[in-house]
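Just so you know, residue 1 is the first one in the sequence shown, and it goes up from there.
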Amino acid sequence: MKNPHWSNRNRLLSKLCIASAGPRIAAVVISITALLLSAGITRAANQIPLSGTSSPQTGDSPPSGDTDVTHVEFFGQEDEEDGSPGPYPGIITNRSLSRGVGNGVSVNSGRKAKSNPQFRLGFEGLNFYQQRYSNRGNQFSVEPPDQGMCVGNGYVIEAVNDVLNIFSTSGQSVLPDNTATNIVSGFPRNVKHAVDLNSFFGYQAAINRTTGARGAGLTDPSCLYDAATQRFFVVVLTLDTLPNGRRTLVNHLDIAVSQTSNPTGSWNIYKIDVTNDGTNTGGVNAGPYLGDYPHIGADANGFYITTNAYPWLHNGFAGAQIYALSKAQLAAGAANVTLVHIDTSGGVNLPSDAGSTQPGFTVWPAQSPGANQFDLSNGGTEYFLSSNAADEATHPVAGTGGNYVSNQIVVWTLANTSSLNTPTPALSLSTRVVPVGTYAIPPKQKQPGSGSLADKILTPLAPQGDAINDTTTPTIAGVGAWRLLFVGEPAHNEVISRPDSNDTRMQQVMFANGKLWGALDTAINPDNTGQRAGIAWYIVNPVSGRLALGGYLGAAGHDFTYPAIGVTTSGRGVMAFTDSGDSTYPSAAYASIDAIIGVGDWNDIAAGAAQDDGFTSYKAQVGGNPPRTRWGDYGAAAVDGSSVWLATEYIANPCDYTSWGGPFFVGGTGDNLLGTCGGASHGPGVRAALGNWSTRISKLTP
């Protein structure tokens, strides 16, 4: 057997229900059409060209293994002069300015009597092992997964940071089995046919382990199936990178559109440069900008992407951006596609430290469950939802200073979308501020053992944390398991983490059965047991600007995070979220939702099997006290006929300390890659050394 220490060095060292409808009063309509014209923050329509084609297959990268020239594990990391990896660079792509938490409302966590959706199918989706070892191991360790998922024509597509898979609706991958050619450290690696996003979008590998050259950095995948055009859409944010790993600060949205209704075939690729898209707020938050957190939606006429523009070189926030494209042209594979760009920096007539208006923040575009669900009024209408408790909305100049609490959400209405199919699009954007129940930035999640010292006896299912703290285990690198992860000895005071709970930004939005559906993360106080992370949900009539129904979902002893709602054409839906808590490992959970009763009983659809043990959990890996343990940053829901498909992050598999160490511990046996728990047959692994996140895909009929 090859010396497992060097295989290790190549990839180490281195993201209840209380139905409390808010005030049922019509919100004031604030038209920003005039603002768009006078402030010049809408661009004249232009054309983006077809930049190429691609298909879901792995790139031609060399196998990674013992002779790799680089050992870096994280995007932005560098090798030191002695060949060992340098420190984690601390780059977090999904930015959030808000650093505090707010006080949430008290709620009753008693379960509501309501029939549950019928469970149809469930299977494990993409996981950390597949992400790290696809494309022959020429990948980085990445947290969090950022789940994009869409369903249609008998296919389920899941995309995460930074891999993609296509499944049949029975849960089997329909991509070619790439195990035989996926050689990592001398052995074929079964990644369940997963394809890295760099290859899918036509880029070089994220990192070439033979030469050390870096490829583009891809992040924040989203996916949509459009029943009207029978096309699949996948969007990522791409950060241009020099071969030496340095950022150029140029970043763009890459749009992949299937050429047919079969996503296993060829796709067309379009690109939108977003580097200079944002507003210079009072001369303070100057560009260039990062087009962060892109999400997608569609109506009868357009395909829409929204981003959050953050200055690369300054603090603060430069507003949400809306990109409206002709859906018909994208579906047809046109040589040039019409694009209209709108900057929402001055879009809401509410005060902020930039003046009398607030910028839009995470203005999430709506998706609809079928071709007959679009709003055809006013020349075609697309809706968006956003929230405004975070500093991005209230303190975009200073970047901090808010109280992280709000009782408003914002409905954005984009009218005359049919004009996207003409040479001179004339879109009209307006907003409605809708009063809702109080929501606030939530505290972090809890999981079993949170705050206690990671210990291989007391917490046997968090082996990475245990190893950092260990000073007694004999290993092939010397006494102390920490030696398998670091050159210099770290502090041995790591504790079981509290994963991230988001910052009240709006999550997935649906327009179905004439209503707008959305949810966000909030602080709540279930049964007066103290502040926990929970969910605020909303069902809005976007025409009248009234909240039809709203409320909270939470439970004593639990934290609910990262909701995603799917609603059928009949108005029956399911909401996905992660459930973790005092005695609950991070699990995939769901609850029913409709416009009559609201959110019903909640259940775990796939129980978590261990603590979150990712590298962002530990000070020695990423710094911070405590570090920001990455989770989310979003889940996904998709509707296919009368069924709703859910994609949720959870911890799928246990891996104890002895199995994690394998042959790297003196006298141990197992995989020649540290931390996979793949056994002597070399996988497939259930995790990798630096992380253990997984995803769950579930089908339910509400």
Colleague: Does T279 form a side-chain hydrogen bond (donor to acceptor under 3.5 Å, both in side chains) with D343? I'd like the steps, not just the answer.
Modeller: CA-CA 7 Å; T279 294; D343 184 345; 2.4 Å; yes

Colleague: Do we see a donor-acceptor contact under 3.5 Å between the side chains of Q321 and T306?
Modeller: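 No - no donor-acceptor pair under 3.5 Å links their side chains.
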
Colleague: Walk me through whether Y650 and W693 qualify under ring-ring contact (aromatic ring centres under 6.0 Å, His included).
Modeller: CA-CA 6 Å; Y650 77 130; W693 59 256; over 10 Å; no

Colleague: Please step through side-chain hydrogen bond (donor to acceptor under 3.5 Å, both in side chains) for the pair Y657 and D470, ending with a clear verdict.
Modeller: CA-CA 11 Å; Y657 182 69; D470 180 85; 3.2 Å; yes

Colleague: Between F167 and Y155, does the ring centre distance come in under 6.0 Å?
Modeller: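 That pair fails the under 6.0 Å test.
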
Colleague: Answer with yes or no whether the side chains of T58 and N135 bring together a donor and an acceptor at under 3.5 Å.
Modeller: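 Note: N135 and T58 side chains miss the donor-acceptor criterion.
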
Colleague: Count the heavy atoms of every other residue, nucleotide or ligand shown that sit under 6.0 Å from CD of Q329, and state whether that count exceeds 12.
Modeller: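 Yes, CD of Q329 has more than 12 neighbouring heavy atoms, counting only those of other groups under 6.0 Å.
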
Colleague: Can you see whether N262 engages T260 through a side-chain donor-acceptor pair at a distance of less than 3.5 angstrom?
Modeller: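 Judged by distance alone, the side chains do not pair up.
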
Colleague: Are the side chains of I255 and I272 in touch, meaning some heavy atoms are under 4.5 Å apart?
Modeller: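 A side-chain contact exists here, since the closest heavy-atom pair is under 4.5 Å.
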
Colleague: For the pair Y293 and T362, evaluate side-chain contact (heavy atoms from CB on, under 4.5 Å) and give the outcome as yes or no after the intermediate values.
Modeller: CA-CA 8 Å; Y293 211 65; T362 310; 3.7 Å; yes

Colleague: Taking atom types as modelled and ignoring hydrogens, do the side chains of N672 and S185 form a donor-acceptor contact shorter than 3.5 angstrom?
Modeller: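 Per modelled atom types, N672 and S185 side chains form no pair under 3.5 Å.
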
Colleague: Side chains of Q464 and E494 only: does a donor on one sit below 3.5 Å from an acceptor on the other?
Modeller: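 No pair is found: no donor N or O on one side chain lies under 3.5 Å from an acceptor on the other.
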
Colleague: Hey, are the side chains of S134 and Q139 touching, using non-hydrogen atoms and a 4.5 Å cut-off?
Modeller: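 Yes; the side chains approach each other to less than 4.5 Å.
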
Colleague: Ignoring hydrogens and angles, state whether a donor on the side chain of N502 or Y634 is under 3.5 Å from an acceptor on the partner side chain.
Modeller: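 Side-chain D/A pair, N502 to Y634: absent.
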
Colleague: Check whether more than 12 heavy atoms from other residues, nucleotides or ligands sit under 6.0 Å from atom CG of N315, and answer yes or no.
Modeller: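 Check fails, neighbour count at 12 or below.
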
Colleague: Apply the ring-ring contact (aromatic ring centres under 6.0 Å, His included) test between F303 and each candidate in F232, Y225, F233; give the one that qualifies.
Modeller: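 Only one of F232, Y225, F233 forms a ring-ring contact (aromatic ring centres under 6.0 Å, His included) with F303, namely F233.
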
Colleague: Could you walk me through whether R132 and E73 pass the salt bridge (Lys or Arg N to Asp or Glu O under 4.0 Å) check?
Modeller: CA-CA 9 Å; R132 178 59 184 83; E73 275 299 311; 2.9 Å; yes

Colleague: Tell me yes or no: between the side chains of T338 and Q47, is some donor less than 3.5 Å from an acceptor?
Modeller: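 Yes, side-chain donor-acceptor contact under 3.5 Å.
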
Colleague: Nearest 0.5 angstrom please: D240 CG to R214 CZ, how far?
Modeller: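 The distance works out to 15.0 Å.
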
Colleague: Side chains of D277 and Y323: any donor to acceptor distance under 3.5 Å?
Modeller: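 Result is yes, a qualifying pair exists.
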
Colleague: Name the orientation class of the two ring planes belonging to W482 and H492 (parallel below 30°, tilted from 30 to 60°, perpendicular beyond 60°).
Modeller: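 Judged by the thresholds at 30° and 60°, the geometry between W482 and H492 is tilted.
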
Colleague: Is it true that N138 and S64 share a donor-acceptor pair across their side chains at a distance under 3.5 Å?
Modeller: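 Per modelled atom types, S64 and N138 side chains form no pair under 3.5 Å.
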
Colleague: Look at the rings of F665 and W660 and say which category their plane angle falls in: under 30° parallel, 30 to 60° tilted, over 60° perpendicular.
Modeller: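 If you compare the ring of F665 with that of W660, the planes turn out tilted.
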
Colleague: Under a 3.5 Å cutoff, is there a donor and acceptor pairing between the side chains of N285 and H314?
Modeller: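 Distance-only check fails for N285 and H314.
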
Colleague: Measure the spacing between CG of D196 and CD of Q130 and express it to the nearest 0.5 Å.
Modeller: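 D196 atom CG to Q130 atom CD measures 12.5 Å (nearest 0.5 Å).
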
Colleague: Distance only, no hydrogens: is a donor on one side chain within 3.5 Å (strictly under) of an acceptor on the other, for N178 and T181?
Modeller: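 Looking only at side-chain atoms, T181 and N178 do not form any donor-acceptor pair under 3.5 Å.
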
Colleague: Is the closest side-chain donor-acceptor distance between Q147 and E649 under 3.5 Å?
Modeller: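 No pair is found: no donor N or O on one side chain lies under 3.5 Å from an acceptor on the other.
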
Colleague: Compute whether any side-chain donor of one residue and acceptor of the other, for N692 and Y129, lie under 3.5 angstrom apart.
Modeller: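 The answer is no; no qualifying pair exists.
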
Colleague: Could you go through the salt bridge (Lys or Arg N to Asp or Glu O under 4.0 Å) check for R687 and D613 one step at a time?
Modeller: CA-CA 10 Å; R687 59 166 293 159; D613 186 43; 2.9 Å; yes

Colleague: Got a salt bridge between D226 and R231, using NZ or NE/NH1/NH2 to carboxylate O under 4.0 Å?
Modeller: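 Here D226 does not pair with R231 in a salt bridge, since their nearest N and O are not under 4.0 Å apart.
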
Colleague: Strictly distance-based, threshold 3.5 Å: is any side-chain N or O of N336 a donor or acceptor partner for the main-chain N or O of A334?
Modeller: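 No.
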
Colleague: Take N268 and Q259, measure what side-chain hydrogen bond (donor to acceptor under 3.5 Å, both in side chains) needs, and give me the verdict at the end.
Modeller: CA-CA 6 Å; N268 294 321; Q259 293 184 357; 2.8 Å; yes

Colleague: Roughly how far apart are D146 CG and N161 CG, rounded to 0.5 Å?
Modeller: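 Here the rounded value is 4.0 Å.
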
Colleague: Show the numbers, then the answer: is there a ring-ring contact (aromatic ring centres under 6.0 Å, His included) between Y310 and Y289?
Modeller: CA-CA 5 Å; Y310 290 94; Y289 302 101; 9.8 Å; no

Colleague: Is the F615 ring parallel, tilted or perpendicular to the F74 ring (thresholds 30°, 60°)?
Modeller: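 If you compare the ring of F615 with that of F74, the planes turn out tilted.
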
